[in-house]
Amino acid sequence: MRRTPLCALHQESLSGMVHTLVLSPDKVFSLSLTLGCGQAFRWEQDRAGWWEGVVGDELIRVRQEGQVLTYTGTSDERLIEYFALDFDLSAVLDSIDRDPFIHAAIEECAGLRILRQLPWECLLSYICATNTNIPMVKKRVRLLAETLGERIPGTDQFTFPTQRVFSGICTGPLDQCRLGYRKDYLASTACRLAAVDGWEEQTRALSYEGARRELIGLPGIGPKAADCVLLFGFSRYEAFPVDVWIRRIMQQYYPDTAAEGPFTPKEYERIRRFARGYFGRYAGYAQEYLYGARMGAAAVP
DNA sequence: GCCCAGGACGGAA
DNA sequence: TTCCGTCATGGG
């Protein structure tokens, strides 16, 4: 009996089976906008157009050509879940399409979907994201994975460190992660929650406002980070994170809500409550489209 | 050197 | 309760 050469087996385990997922013609999706808009920090695109990123314990490679997704490293089910491809995006975009400003953003960013990120990783990632920029956040998250995560077999990539890893950790290993003053926040929050079995489920069971209060009680998590975690990690689409960019956009397009001068918690409240009332229960999608359109415009020389 | 970046915190007012 | 200075880090 002829045996399969070892090298062939090895090759398959390295690259994984190549799968294709064909989206129906009415399914609006843009892989590049979804991964390039700054909501997740572990994805990079190579010159050939492949996106590579770690989700959970899987290294996923994926690219898009029209309505065809080609990918390795995961399954249809997990891909659909992570990219929220079962979500009726068109209906949601119709519901937030309230004026020419958001309309233009929807036109420009059509197909941008809010991911279903893993809440634990999302939480710690957004502790790394205060008062900084996206490339630095990516670097910190990568260093966290390389320092405390596990190597994914056959690759040079690492998983994001689990809740268990942080139980009883001292901050020593975090020194090399370029976290700056965020180091103690991250260690405190991670240690506190590492002892809470079922933190994710408990949080999921709360109302949006209730979960938001709980998250803001964690070290390093303020209103903005809490809203990001709820939007990107818990699919709470009423969350409307307000960062410096969103504030500028609101000043420009919806000047009644925003102010000049220092950005106060009071103004944050005013903006997010306006957005919830104005755009409706999917205000978070409006936020991402306004943000994505601004970032896209900023990227153009 | 300066200013800014997907802000949050602690203490003063 | 609301301001205000400060907190590492790196890029432009």
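In the text below, chain A, chain B and the rest are named by the order of the sequence lines, each starting its count at 1.
- Here the side chain of Arg178(A) is nearest to one of dG6(B), dT9(C), dG7(B), namely dT9(C).
- To the nearest angstrom, P of dG7(B) lies 13 Å from CG of Asp227(A).
- Atom name C1', nucleotides dC3(B) and dA8(C): the rounded distance is 16 Å, in whole Å.
- Note: CZ (Arg182(A)) to P (dT9(C)) measures 9 Å, nearest angstrom.
- Distance from the side chain of Tyr181(A) is smallest for dC7(C) among the nucleotides dC7(C), dG10(C), dG6(B).
- The stacking criteria are not both satisfied for Trp245(A) over the base of dG6(B), which would need a centre-to-centre distance under 5.5 angstrom and an angle between ring planes under 30 degrees.
- In terms of phosphate contacts, Arg140(A) brings no side-chain nitrogen or oxygen within less than 4.0 Å of OP1 or OP2 of dT9(C).
- At least one side-chain nitrogen or oxygen of Arg248(A) sits closer than 4.0 Å to the OP1 or OP2 atom of dA5(B).
- Looking at Thr72(A) and His19(A), their side chains never come closer than 4.5 Å, going by heavy atoms from C-beta outward.
- For dG6(B) and dG5(C), the P atoms lie 24 Å apart once the distance is rounded to whole Å.
- Note: Tyr282(A) and Phe87(A) have perpendicular aromatic rings, judged against thresholds of 30 and 60 degrees for the angle between ring planes.
- Distance, Asn131(A) CG to dT9(C) C1': 10 Å, rounded to whole Å.
- A distance of about 14 Å separates the P atoms of dC2(B) and dT6(C), rounded to the whole Å.
- Note: CZ (Arg42(A)) to P (dG6(B)) measures 20 Å, nearest angstrom.
- Under 3.5 Å, the side chain of Tyr185(A) and the base of dG7(B) form no donor-acceptor pair of N or O atoms.
- The side chain of Asn133(A) approaches dG6(B) more closely than any other nucleotide in the set dA8(B), dG6(B), dG7(B).
- Within the 4.0 angstrom heavy-atom criterion, only backbone atoms of the sugar-phosphate kind lie near Ile221(A); the bases stay farther away.
- Using a 4.0 Å heavy-atom distance criterion, Gly220(A) is classed as a sugar-phosphate-only contact.
- Other residues, nucleotides and ligands contribute at most 12 non-hydrogen atoms within 6.0 Å of the CD atom of Glu150(A).
- Residue Leu218(A) is in sugar-phosphate contact alone, with no base atom involved, counting any heavy-atom pair closer than 4.0 Å across all strands shown.
- Classification of the Tyr181(A)-Tyr185(A) ring pair by plane angle, with boundaries at 30° and 60°, yields perpendicular.
- Note on Pro262(A): nothing from the nucleic acid sits closer than 4.0 angstrom, heavy atoms only.
- At the heavy-atom level, Val244(A) lies under 4.0 Å from the strands shown only through sugar-phosphate atoms.
- dC7(C) and dC4(B) have their C1' atoms separated by 15 Å, with the value rounded to a whole Å.
- Residue Glu267(A) is out of contact with every strand shown, counting any heavy-atom pair closer than 4.0 Å.
- Within 4.0 Å of Pro219(A), counting heavy atoms only, lie sugar-phosphate atoms of the nucleic acid but no base atom.
- Among the candidates Glu81(A), Glu58(A), Arg61(A), the single residue satisfying the side chain to side chain donor-acceptor pair (under 3.5 Å) test with Thr74(A) is Glu58(A).
- Nucleic acid contact class of Cys37(A) (heavy atoms, under 4.0 Å, all strands): base.
- Counted by atom type alone, Asp227(A) and Tyr208(A) present one or more donor-acceptor pairs between their side chains at under 3.5 Å.
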